[in-house]
Amino acid sequence: VNTKKNNIEILIKKELRILKINLLSFIKAMSIGFLLRDASSILFFDNVELYIINLKNKSGVNDHIYNRISLIVGKNGVVIRSLEKANNVKSRIVSTKMYILGTYRNFLSLKNKLFKILGVK
């Protein structure tokens with residue numbers, strides 16, 4: 001623990017760089033709000049990663065951001081839960097970003113379904 005910089009430092013040998021990347025992804029997943037059993041899958045499985053989808057427009061205008069989020073979540077979270085179960089992923093929406101925990105193949109199928117819901121090509 002580095003008290004001068006107010007952060008936690010993880011020192012690892014060169015041979016363990018992959019573990020460092022997985023550990024940083026695990027810490028990021030825990031800080032976003034994923035459950036421990038979901039976030040720990042990053043450490044135990046090689047193909048599980050944390051993906052990020054930015055929900056903002058490319059132009060930077062946020063006039064319809066809440067409309068997009070409400071389309072993704074649905075009434076009482078029905079849409080997002082059905083997408084999670086169908087694609088075998090876990091997701092969290094924090095401000096204007098959507099964080100997805102799963103394999104790359106499952107992430108791509110979820111991304112395609114999200115773009116169909118939002119009407120994006």
Side-chain angles (χ1 to χ4, degrees):
V1 176
N2 190 341
T3 57
K4 291 182 181 178
K5 294 181 182 178
N6 290 331
N7 60 8
I8 298 172
E9 294 179 351
I10 301 169
L11 302 175
I12 301 176
K13 294 181 180 179
K14 289 182 180 179
E15 300 89 29
L16 301 174
R17 288 185 190 198
I18 295 172
L19 178 64
K20 179 181 176 184
I21 293 170
N22 289 344
L23 192 60
L24 293 176
S25 296
F26 168 75
I27 292 170
K28 188 172 186 177
M30 287 296 296
S31 66
I32 291 167
F34 286 101
L35 297 175
L36 178 63
R37 69 172 180 254
D38 298 331
S40 63
S41 64
I42 294 173
L43 298 174
F44 296 123
F45 302 111
D46 292 336
N47 56 356
V48 175
E49 294 183 27
L50 184 67
Y51 301 99
I52 301 170
I53 295 178
N54 195 355
L55 299 175
K56 285 184 182 179
N57 279 343
K58 301 250 184 201
S59 62
V61 179
N62 289 338
D63 53 351
H64 299 294
I65 189 72
Y66 298 113
N67 187 15
R68 282 194 196 125
I69 292 173
S70 65
L71 282 173
I72 293 170
V73 173
K75 189 173 184 179
N76 296 326
V78 173
V79 174
I80 194 69
R81 278 197 309 259
S82 65
L83 286 172
E84 285 179 356
K85 287 181 184 177
N87 295 307
N88 197 18
V89 296
K90 297 290 181 178
S91 64
R92 296 286 181 269
I93 297 177
V94 179
S95 81
T96 61
K97 293 183 180 178
M98 182 172 184
Y99 297 92
I100 300 166
L101 187 65
T103 62
Y104 184 69
R105 181 183 227 172
N106 294 343
F107 165 71
L108 285 180
S109 66
L110 178 78
K111 183 178 162 185
N112 291 335
K113 289 178 184 176
L114 278 177
F115 286 170
K116 284 181 184 176
I117 291 172
L118 296 175
V120 178
K121 293 182 180 180

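All values below were derived from every heavy atom in this structure, side-chain atoms included, with hydrogens, water molecules and symmetry-related copies excluded.
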Acceptor/donor pairs from residues 35-45 side chains to any protein atom, 3.5 angstrom cut, sequence neighbours excluded:
unit_1	atom_1	unit_2	atom_2	d
Ser40	OG	Leu36	O	3.0
Ser40	OG	Arg37	O	3.2
Ser41	OG	Asp38	O	2.5

Donor-acceptor pairs under 3.5 angstrom involving side-chain atoms of residues 47-54: please list them, not counting sequence neighbours.
unit_1	atom_1	unit_2	atom_2	d
Tyr51	OH	Tyr104	N	3.4
Asn54	OD1	Lys56	N	3.4

Group every Ile, Leu, Val, Met, Phe, Trp and Tyr by side-chain heavy-atom contacts under 4.5 Å, then state whether Val89 and Tyr99 land in the same group.
no
What distance do Thr96 atom OG1 and Tyr66 atom OH have between them, rounded to the nearest 0.5 Å?
9.0 Å
Hydrophobic clustering (ILVMFWY, side-chain heavy atoms < 4.5 Å, transitive) - are Ile117 and Leu108 grouped together?
yes
Starting from Phe34, can I reach Val73 by hopping between I/L/V/M/F/W/Y residues whose side chains sit under 4.5 Å apart?
no
Just wondering, do Leu55 and Ile72 contact through their side chains at under 4.5 Å, heavy atoms?
yes
Out of curiosity, Asn88 CG to Leu101 CG, how far, rounded to the nearest 0.5 Å?
10.5 Å
Quick note, side chain to side chain donor-acceptor pair (under 3.5 Å) partners involving residues 75-87, not counting sequence neighbours, are Glu84-Ser91, Asn87-Ser109, Asn87-Lys113
Using the rule that Ile, Leu, Val, Met, Phe, Trp and Tyr join whenever any side-chain heavy atoms are under 4.5 Å apart, tell me whether Val94 and Leu110 fall into a single cluster.
no
Step-by-step side chain to side chain contact (heavy atoms under 4.5 Å, CB included) determination, Ile80 to Met98
CA-CA 11 Å; Ile80 194 69; Met98 182 172 184; 3.4 Å; yes
What distance do Ile100 atom CD1 and Ile93 atom CD1 have between them, rounded to the nearest 0.5 Å?
9.0 Å
